[in-house]
Novice: 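Would you mind keeping the following structure in view while I ask a few things?
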Amino acid sequence: MHEDKALWSDTLVHLMALAAKLEGEGQYNNAKLARAAAESMTRQEAYELSLPSERGQLVGEIQKAVSALTSLGADPGLLDAFRLGIDAMAAGRLPLIDETPHPYVCRTCGRVELAQPTKICPTCGAWPATFKQFLPVYWLDALEPFAALERLRQTPIDVATLLKGMPEELLSREPDDGGWAIRNIVSHLRDAQGVLSFRLNLLLEQDDPVLESKAVFEWAKKEEDRPPTTQDIFHTYNASRQEIIARLEAIPLSHWWRTGRHEEFGTVTLRQQVSYFASHEATHLPQIEFLRDKWVGK
């Protein structure tokens, strides 16, 4: 954190209070600048904070956060949900929606509800529709159908450009930290594509189907039934992508709002699922680019 911790925290709180007051006065553009400054401050500090990725250590980090939140008087329901999430992670599984429901935070006073509010806020009187919902990941902030289709089209083009001219030896080379090779990243995109294809079938053929949660990231290094080369893996991913695009282009626009019940995320629409996978892919492009530059230079 900034050397002057008091100034940093006071400024952060002041920015959030200022944004709320500016909104109340109709100064929306000034309010957005205050919120952006607050977001930037917290993300810059978080970016510099190195946390472990090993499961046991990461569980310890969550427990540390819960302990601090308890001391600060955080909402008991939120803390209980956190603890259930910790138990699930410690057991080696993903927490499900009934254990860790979507939080809703009052935009006026900060009160937390763990179900969609139906009554006015008992603290400040804000109406339930004004609460802010926190989804599991921004990928679920659904893209418009045409924007989602464009993203689905573009990503294979970007991946093909990044893979061009690279020999298999480099595509399969793991970084020194033991992380994913480019081959693993492309395999992950192919695996995720398979999950999307399967879920689209369910959403289009059944009414409100159950969508089983899948830890797709755990499959990336599994070589069972993989095509022999990274380029082969890419070609199967791209062929499946073109089939999905064609199917989505053929359905009525209203079908993008068909719903399913996701074990981890709750009720989701087809539109959210497409947006999730389309946006998720973009986060892996810098990984491929970094390794390409590392192995062959810029």
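Model, not experiment: these values are computed from the prediction. Side chains included, hydrogens not; waters and symmetry mates left out as well; all remaining heavy atoms used.
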Novice: Sort out for me which residue in V274, V268, L211, L204 forms a side-chain contact (heavy atoms from CB on, under 4.5 Å) with R199.
Specialist: L211
Novice: Would you call K214-E212 a salt bridge at under 4.0 Å N-O?
Specialist: yes
Novice: Show the atom names and distances, to 0.1 Å, of all donor-acceptor pairs under 3.5 Å that link a side chain in residues 94-111 to residues at least two apart or in another chain.
Specialist:
residue: E99; atom: OE1; partner: R93; partner atom: NH1; Å: 3.1
residue: E99; atom: OE1; partner: L96; partner atom: N; Å: 2.8
residue: E99; atom: OE2; partner: R93; partner atom: NH2; Å: 2.6
residue: T100; atom: OG1; partner: L96; partner atom: O; Å: 3.2
residue: H102; atom: NE2; partner: F265; partner atom: O; Å: 2.8
residue: Y104; atom: OH; partner: Q133; partner atom: NE2; Å: 3.1
residue: R107; atom: NH1; partner: T130; partner atom: O; Å: 2.8
residue: R107; atom: NH1; partner: F131; partner atom: O; Å: 3.1
residue: R111; atom: NE; partner: E113; partner atom: OE2; Å: 2.9

Novice: Thinking salt bridges, do E281 and R241 make one under a 4.0 Å N-O criterion?
Specialist: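 Salt bridge present between E281 and R241.
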Novice: Under the criterion side-chain contact (heavy atoms from CB on, under 4.5 Å), which of L33, L18, L22 is the partner of Q27?
Specialist: L22
Novice: Check R55 with E61, please: is the shortest side-chain N to carboxylate O separation under 4.0 Å?
Specialist: no
Novice: Are R183 and D232 ion-paired here, with the side-chain N under 4.0 Å from a carboxylate O?
Specialist: no
Novice: Quick test of your reading of the model: are R35 and E23 salt-bridged, counting only N-O distances below 4.0 Å?
Specialist: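 Yes, this pair counts.
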Novice: Does a side-chain N-to-carboxylate-O contact under 4.0 Å join R258 and D207?
Specialist: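 Here R258 pairs with D207 in a salt bridge, since their nearest N and O are under 4.0 Å apart.
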Novice: Please determine whether a side-chain nitrogen of the Lys or Arg among E243 and R247 lies less than 4.0 Å from a carboxylate oxygen of the Asp or Glu.
Specialist: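 No salt bridge links E243 with R247.
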Novice: Side chains of L200 and Q273: closer than 4.5 Å at any heavy-atom pair?
Specialist: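 The answer is no; the side chains never approach within 4.5 Å.
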Novice: Classify the angle between the aromatic ring planes of H280 and Y276 as parallel (below 30°), tilted (30 to 60°) or perpendicular (above 60°).
Specialist: parallel
Novice: Could you list all the salt bridge (charged side-chain N to carboxylate O under 4.0 Å, His left out) pairs where at least one residue sits in residues 142-163, not counting sequence neighbours?
Specialist: E144-R271, E150-R153, R153-E249
